[in-house]
Amino acid sequence: MDRPDVADVAAAAAGDDAAFERLVRTMQGSVWRYIVHLLGDHALAEDVAQEVFFRVHRKLRTLRDPDRFVPWLLTMARNAAYDAGRSQQRRPLQLVGDQEFLVERTSPDPHLDIEVYDALARLDPELREAVVLVGVIGLKYDEVAVSIGVPEGTVKSRVFRARVQLSQTLRRGERDVS
């Protein structure tokens, strides 16, 4: 994951619009990927990601430590995704794997093929969130802990369990194809 320049975070917090634009350009892909994994809806994720950056623009001056911008941003993204899930009368962290997959899949996330995406979607929501933040978004364990509000050891445990389950699911899928 690309990380924003701390100087840009400080400048954006002080009102520098060009610095804020650089923050958005740097982080928009990671924020969108995180939200789409939470909601399972690509169009809704785009709307929520846009809302996240509006919130960030309004509240950035309240950030005390520019070095902690990424976990702070992803906490805002998580909260916005939950808000959107509630307002859509959907369960946040809805399992994407339970939805019908179209014959012609056009995944906006080229790093995940359909089998991996489906296996991720079938994970318990807490496990999926942790492994997406570490494995897809690229956060460190301590940053994930701050973002989702659990101890670092809990994050490590969830990521480990998610990786074991993903490995088992993908291996079963290979045997089923043979």
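- Partners of Phe20 under the ring-ring contact (aromatic ring centres under 6.0 Å, His included) rule, at least two apart in sequence or in another chain, are His57.
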Q: Run the numbers on Leu120 and Leu123 for side chain to side chain contact (heavy atoms under 4.5 Å, CB included), then give the verdict.
A: CA-CA 5 Å; Leu120 273 170; Leu123 288 174; 4.0 Å; yes
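- Leu60 is listed as a side-chain neighbour of Phe69, based on a closest heavy-atom distance under 4.5 Å.
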Q) Taking it one step at a time, do Val52 and Gln28 satisfy side chain to side chain contact (heavy atoms under 4.5 Å, CB included)? A) CA-CA 10 Å; Val52 166; Gln28 65 187 357; over 6 Å; no
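- Residues Leu139 and Val134 are not in side-chain contact: their nearest non-hydrogen atoms beyond the backbone lie 4.5 Å or more apart.
- Side chain to side chain, Ser167 and Arg171 meet the donor-acceptor criterion of an N or O pair below 3.5 Å.
- Taking the charged nitrogens against the carboxylate oxygens, Arg3 and Asp67 have no contact shorter than 4.0 Å, which rules out a salt bridge.
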Q. Yes or no on side chain to side chain contact (heavy atoms under 4.5 Å, CB included) for Leu127 and Gln165, after CA distance, side-chain angles and deciding distance?
A. CA-CA 9 Å; Leu127 300 182; Gln165 287 181 21; 3.5 Å; yes
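- We find that Arg25 and Asp8 are not joined by a salt bridge, their nearest charged nitrogen and carboxylate oxygen being 4.0 Å or further apart.
- Under the 4.5 Å side-chain criterion, counting only non-hydrogen atoms from C-beta, Arg161 is not in contact with Val131.
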Identify every side-chain donor-acceptor pair in residues 147-154 under 3.5 Å, counting partners at least two apart or on other chains, and give the distances.
from, atom 1, to, atom 2, distance (Å)
Ser147, OG, Pro71, O, 3.2
Ser147, OG, Glu143, O, 3.0

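- Connection of Val146 to Tyr34 is not established within any shared hydrophobic cluster, with ILVMFWY side chains joined at heavy-atom distances below 4.5 Å, either directly or through further cluster members.
- Residues Trp32 and Val48 form no side-chain contact, since every pair of their non-hydrogen atoms from C-beta on lies 4.5 Å or further apart.
- Contact record, Pro66 with Val6: CB-CG1, 3.6 Å, taken as the closest heavy-atom pair.
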